[in-house]
Amino acid sequence: MKFIAAACLAGSLLLAGCAGTTDSSSSGNSAQSTASSGGTGSKAAGSAAPVYPGGPLTPITSSEAHSQSVVTLAPPADMWDRIRRGFKMPNLESDLVRDREQWYASRPDYIQRMTERSNKYMFHIVEELERRNMPTELALLPYIESAFNPQAISSARAAGMWQFMPATGTDFDLKQNIFRDDRRDVVASTRAALDYLQKLYRMFGDWQLALAAYNWGEGSVSRAIAKNQRLGLPTTYSDLSMPAETRLYVPKLQAVKNIVANPQAFNTELPLIANHPYFQTVTLTRDLDVELAAKLADVRLEDFRALNPAAHKPVLLAAGTQQILLPWDNAAVFQRNFDAYSQGQYASWTAWVVPNTMTVADAAQRSGMSEADLRALNSIPPRMLIKAGSTLIVPRGARVKEDVTAVVADSGHLSFQPEIVNRRTTIKAGRNDSVASIARRYKLAPSNVAEWNDVKPNHAFKRGYSVVVYLPVRAAPAARVGSGAAPARGRAAANTKGGSAVKATATRGGNVTKSSGKQQVVREKRGGTPAKKKR
């Protein structure tokens, strides 16, 4: 009897459990809707009457079983795993993708260097992408743009990890002055790049077209789409007519994505990138030498520059660079050492605004530097004057207590004008030439011509006499500082009153005179060797 009673009790419990089960196809009951909208539904079940199915039960189909996304409980093993989980862009299948896969797979050393370099930046980029709900494939884009080198600069003057052109950088609030270039800044350039990519995606509604526009420009992609529309052709990335570089752009990214998704298939081993922040920001409260900052943080100078590549001078200005990046564990070390530092000034350099146009030699004398050091530190080309209002990096004296102001730190610039040099030149006097006629011809003061030749102002020269004059020689216009463009070399020419051109050429072996017309000009070699522009 005890056995029969136990069996009856178990049967009753089983029937009660079945009665509490809801039918997934039924609707209209508030308790059932609450239970199915999220969570376990235990609270609703405890406060509502059981709902009995009104018809026969049906099996759950395959599509219904997979209709809801499954949230994994295990955190990503590393950054590669985290990136793979965030892939959202449609895959591109083409022969160009296969070609780029083989190109990367056949260069394991290149992949190794590139991926190891990205170790410092990948966590921050992926964090930003996930915060914006953007595809994590975009974290691989710097591999295509710069091989994750924040100091990279292209022949077209695009700079940084994300390769911003100067004008585009300005459009996205990336400051560029003599102290820093935010196109190279890790945090600022990443923010700007993701802003730009989001803007392009809103314009085109397609990530492949957005990437093409990132490489080629939104105007070019828009015109290519409009052209295909007029011809009745498709307007996808693969259908547009575009330059070879842009045609390969998305296939390169797809190839890297495929390698990251399945490195074993390409005999590739990706270095470990931990799912942990590599760096943290530290507020800069005083102007600080770059070398001292690295020393206080106990990091190598090259590692400090890799995290703070925007600074291209030996000093960090607190008014312009409010934060620096340091490896996660070194931030506290830096702060402790900075607070305890008592060995003198934090910065041995400062900014000096030139009060009036002057030569480099005068500026060097006033700043207490050698001319060569001033040129090298401030990238001053030869045969140039420094224009008034320009900002130079110069040594900071012990009596200078104030840091550089925000106005100078944000708007500091360096401008030049060609230096006019008077070069000693000899001229063969013609018939009836005098001090006055030669002075008129070359726009000189008669008193100067008379003094240079040790004669009186009314003196008449004999025909063929070598007359000494000092003629101005203007340097060619300087290229934009930091552009890498060399100034053009022009030919020297002097025009006589009668219109005949006189050209002079100097050789290492001495002076060679080439004449056209009656006048002859001999230009002597200028002494000294021009200083080389340091980059």
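The environment of Gln365 atom CD is sparse: at most 12 non-hydrogen atoms of other residues, nucleotides or ligands sit within 6.0 angstrom. Counting heavy-atom neighbours within 6.0 Å of Glu302 CD, excluding the residue itself, gives a total above 12. The number of heavy-atom neighbours closer than 6.0 Å to CG of Asp298, taken from other residues, nucleotides and ligands shown, is 12 or below. Atom CD of Gln323 sits in a crowded spot, with more than 12 heavy atoms from other residues, nucleotides or ligands closer than 6.0 Å.
Annotation for Ala255 and Val97: closest pair CB-O, 4.0 Å, computed over non-hydrogen atoms. Taking each heavy atom of Lys313 and Val290 in turn, the nearest pair found is O-CG2, 3.5 Å. In this structure, Ala388 and Asn356 approach most closely via the heavy-atom pair CB-CA, 3.5 Å. What you find for Phe148 and Arg117 is that their closest heavy atoms are O-CD, 2.9 Å. In terms of heavy atoms, Ala159 sits closest to Asp181 at CB-OD2, 4.4 Å. Taking all atoms of both residues into account, the shortest heavy-atom contact from Ala363 to Ile386 is CB-CD1, 3.8 Å.
Using a cutoff of 4.0 Å between basic side-chain nitrogens and carboxylate oxygens, Asp403 and Arg286 are scored as salt-bridged. A salt bridge between Glu127 and Arg82 is present, with a side-chain N of the basic residue lying under 4.0 Å from a carboxylate O of the acidic one. Between Arg98 and Asp95 there is no salt bridge, since no side-chain N of the basic residue sits under 4.0 Å from a carboxylate O of the acidic one. Checked for salt-bridge contact, Arg191 and Asp195 meet the test: a charged N lies under 4.0 Å from a carboxylate O.
Rounding to the nearest 0.5 angstrom, the gap separating the CG atom in Leu270 from the CE atom in Met114 is 10.0 Å. Within the model, atoms CG of Asn215 and CG of Leu253 stand 11.5 Å from one another, a figure rounded to the nearest 0.5 Å. Atom CE of Met122 and atom CD1 of Ile273 lie 5.0 Å apart (nearest 0.5 Å). Note that CG of Leu211 and CG of Leu200 are 8.5 Å apart. Values are rounded to the nearest 0.5 Å. Here the OG-NZ distance, from Ser241 to Lys227, works out to 5.0 Å after rounding to the nearest 0.5 Å. For the atom pair CD1 (Ile144) and CG (Leu248), the distance works out to 10.5 Å, reported to the nearest 0.5 Å.
Checking Gln163 against Tyr214 by side-chain atom types alone, no donor-acceptor pair falls below 3.5 Å. With hydrogens and angles left out, the side-chain atoms of Gln198 and Arg132 include a donor and acceptor closer than 3.5 Å. Donor-acceptor pairing under 3.5 Å is lacking for the side chains of Thr425 and Tyr470. Under the 3.5 Å distance criterion, with hydrogens and angles disregarded, a donor-acceptor pair is assigned to the side chains of Tyr196 and Glu218. Side-chain contact, Asn91 with Lys257: a donor N or O sits under 3.5 Å from an acceptor N or O. Side chains of Ser370 and Asp373: a donor-acceptor N/O pair is present below 3.5 angstrom, by distance only. Side-chain N/O atoms of Asn228 and Thr235 include no donor and acceptor closer than 3.5 Å. In the model, Asp171 has no side-chain atom that pairs as donor or acceptor with a side-chain atom of Thr168 under 3.5 Å.
Listed for the Asp206 side chain is a donor-acceptor partner under 3.5 Å among the backbone atoms of Leu209. Distance alone, capped at 3.5 Å, places no donor-acceptor pair between the Thr391 side chain and the Gly412 backbone. Side-chain N or O atoms of Thr350 include none that pairs as donor or acceptor with a backbone N or O of Arg396 at under 3.5 Å. Arg183 contributes a side-chain N or O that, together with a main-chain N or O of Phe164, makes up a donor-acceptor pair within less than 3.5 Å. The backbone N or O of Ala77 sits less than 3.5 Å from a side-chain atom of Asp81, completing a donor-acceptor pair. In this structure a side-chain-to-backbone donor-acceptor pair under 3.5 Å is present from Gln345 to Gly397. Looking only at distances, a side-chain donor or acceptor of Asn177 sits under 3.5 Å from a matching main-chain atom of Asp410. A donor-acceptor distance shorter than 3.5 angstrom exists from the side chain of Ser154 to the backbone of Ala158, with no hydrogens or angles considered. Put simply, the side chain of His312 gets close to the backbone of Ile178: a donor and an acceptor are under 3.5 Å apart. Counting only distance, with no hydrogens or angles, the side chain of Asn275 and the backbone of Asp78 share no donor-acceptor pair below 3.5 Å.
Using a 4.5 Å cut-off on side-chain heavy atoms (C-beta onward), Arg180 and Thr321 make contact. Using a 4.5 Å cut-off on side-chain heavy atoms (C-beta onward), Trp162 and Ser146 make no contact. For the pair Ile393 and Phe179, the minimum side-chain heavy-atom distance is below 4.5 Å. Side-chain contact between Pro277 and His124: absent, with no pair of heavy atoms (C-beta onward) separated by less than 4.5 Å. The shortest side-chain heavy-atom distance between Ile380 and Leu374 falls under the 4.5 Å cut-off. Tyr121 is listed as a side-chain neighbour of Pro150, based on a closest heavy-atom distance under 4.5 Å. Side-chain contact check for Pro135 versus Phe87: every heavy-atom pair is 4.5 Å or farther apart. With a 4.5 Å cut-off on side-chain heavy atoms, Met369 and Pro395 count as touching.
Between Trp328 and Tyr278, the distance from one ring center to the other does not fall under 6.0 angstrom. A ring-centre distance under 6.0 Å is not found for Phe266 and Tyr104.
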For side chain to side chain contact (heavy atoms under 4.5 Å, CB included), just list the numbers for Ser415 and His413, CA-CA rounded to whole Å, side-chain angles, deciding distance to a tenth of an Å, and then say yes or no.
CA-CA 7 Å; Ser415 302; His413 66 279; 3.3 Å; yes
Under the side chain to side chain contact (heavy atoms under 4.5 Å, CB included) criterion, do Arg100 and Val256 qualify, and how do the steps go?
CA-CA 8 Å; Arg100 293 299 89 189; Val256 173; over 6 Å; no
Lys295 and Glu291: CA distance, side-chain angles, deciding distance, salt bridge (Lys or Arg N to Asp or Glu O under 4.0 Å) verdict:
CA-CA 6 Å; Lys295 181 179 178 181; Glu291 290 186 0; over 6 Å; no
Mind running side chain to side chain contact (heavy atoms under 4.5 Å, CB included) on Trp349 and Leu377 for me, showing each step along the way?
CA-CA 11 Å; Trp349 304 94; Leu377 182 61; 3.4 Å; yes
Kindly determine whether Gln417 and Thr357 satisfy side chain to side chain contact (heavy atoms under 4.5 Å, CB included), including the steps that lead there.
CA-CA 9 Å; Gln417 71 181 44; Thr357 300; 4.0 Å; yes
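In this structure, Arg107 forms a cation-pi arrangement with Trp103, its terminal cationic atom sitting closer than 6.0 Å to the ring centre and no more than 45° off the ring axis.
Each of Gln208, Glu145, Gln254 was evaluated against Tyr249; a single residue qualifies, Glu145, per the side-chain hydrogen bond (donor to acceptor under 3.5 Å, both in side chains) test.
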